[in-house]
Amino acid sequence: MAEIQENKIQKILKKHKLRKTACRMTMLKLFWENQFALTPSGIEAMLNNFFDKVTIYRTLSTFEECGIVHKVPNDNGITHYALCHSNCSHEKHSDSHVHFYCQLCSKTFCLHEIRSPELTLPKGYQVKDFRYLFLGICPNCQNL
Ligand SMILES: [Zn+2]
Ligand SMILES: [Zn+2]
Ligand SMILES: [Zn+2]
C-alpha cells in the first residue's frame with residue numbers, strides 16, 4: 001500500500017471518527033482504487049475471502065452510517081455501494097447525482113458531476129428515496 005494513500009485513508013477514518021481496523025482500511029482502499037460501485041460479495045472475492053461476509057457487511061453499514069459510502073441503485077436487485085463525495089456526513093448524505101449502469105461490464109458508476117433533477121410529485125406521494133439510473137455502455141467498454 002502506497003504511503004500517501006494510507007495517510008489519506010487514515011484521514012478519512014479519522015474525519016468520520018472511526019477506529020482504524022484492517023478491514024476498514026482495506027475496504028476503503030478498494031473503493032478508492034475502483035471507481036465503480038461494489039457489492040458485498042464482489043468485495044469478498046476481490047479480497048480473496050480474507051474477511052468474512054459478516055465483517056464486510058458490518059463495515060459497509062458503518063461506512064454508510066458515517067457518510068463514507070452510499071447505496072447505489074442497480075437493476076439486478078443486488079445492493080451496490082460507492083464512495084461518497086466529501087460533503088456527506090454522519091447526519092446527512094447528499095448524493096444527489098445520477099448513476100450509470102454499463103450493460104456490457106455490469107459495472108455501475110457514480111456520475112458525481114450530474115445532479116439529479118429535483119422533481120415534485122403530485123400531492124399525497126410521500127417520497128422516501130429516489131433513483132436515477134441510466135443504462136448503456138461505459139467509456140471503457142467502447143475503448144474511449
Ligand atoms: Zn453519501
Ligand atoms: Zn462497461
Ligand atoms: Zn453514487
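As the structure lists them, so they are numbered: ligands from 1, and atoms in each ligand from 1. The analysis underlying the following values was restricted to heavy atoms, covering all of them including side chains, and did not include hydrogens, waters or symmetry mates. Residue numbers run from 1 in the order of the sequence given.
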Between [X] and [Y], is there a donor-acceptor pair closer than 3.5 Å when you use the side chain of the first and the backbone of the second?
| X | Y | value |
| --- | --- | --- |
| D52 | V54 | yes |
| H90 | H16 | no |
| S116 | S96 | yes |

Practice task
Check each of D95, L28, L38 against L83 using the side chain to side chain contact (heavy atoms under 4.5 Å, CB included) test, and report the only one that passes.
Solution key: L28

Completion exercise
Note: SG(C105)-the Zn ion (ligand 2)-SG(C141) angle, rounded to 10 degrees, equals 110°

Completion exercise
Among N, O or S atoms, H93 approaches the Zn ion (ligand 1) most closely through ND1

Exercise for the section: Determine which of the N, O or S atoms in D95 is closest to the Zn ion (ligand 1) and give its atom name. Expected result: OD2

Problem - Residue E113 excluded, over 12 heavy atoms near CD under 6.0 Å - result: yes

Exercise for the section: Taking atom NZ of K14 as the centre, report whether more than 12 heavy atoms of other residues, nucleotides or ligands fall under 6.0 Å from it. Expected result: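 Incorrect, the count does not exceed 12.
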
Practice task
Of all N, O or S atoms in H97, identify the one at the shortest distance from the Zn ion (ligand 3).
Solution key: NE2

Exercise for the section: May I ask you to check whether C84 brings an N, O or S atom to under 2.8 Å from the Zn ion (ligand 3)? Expected result: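 Checking the Zn ion (ligand 3) against C84, no N, O or S atom falls under 2.8 Å.
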
Practice task
Answer yes or no for H70: is there an N/O/S atom below the 2.8 Å cut-off from the Zn ion (ligand 1)?
Solution key: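 Of the N, O and S atoms in H70, none lies under 2.8 Å from the Zn ion (ligand 1), which means no.
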
Practice task
To the nearest 10 degrees, could you say what angle the Zn ion (ligand 3) makes with SG of C110 and NE2 of H99?
Solution key: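 Rounding to the nearest 10 degrees gives 110°.
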
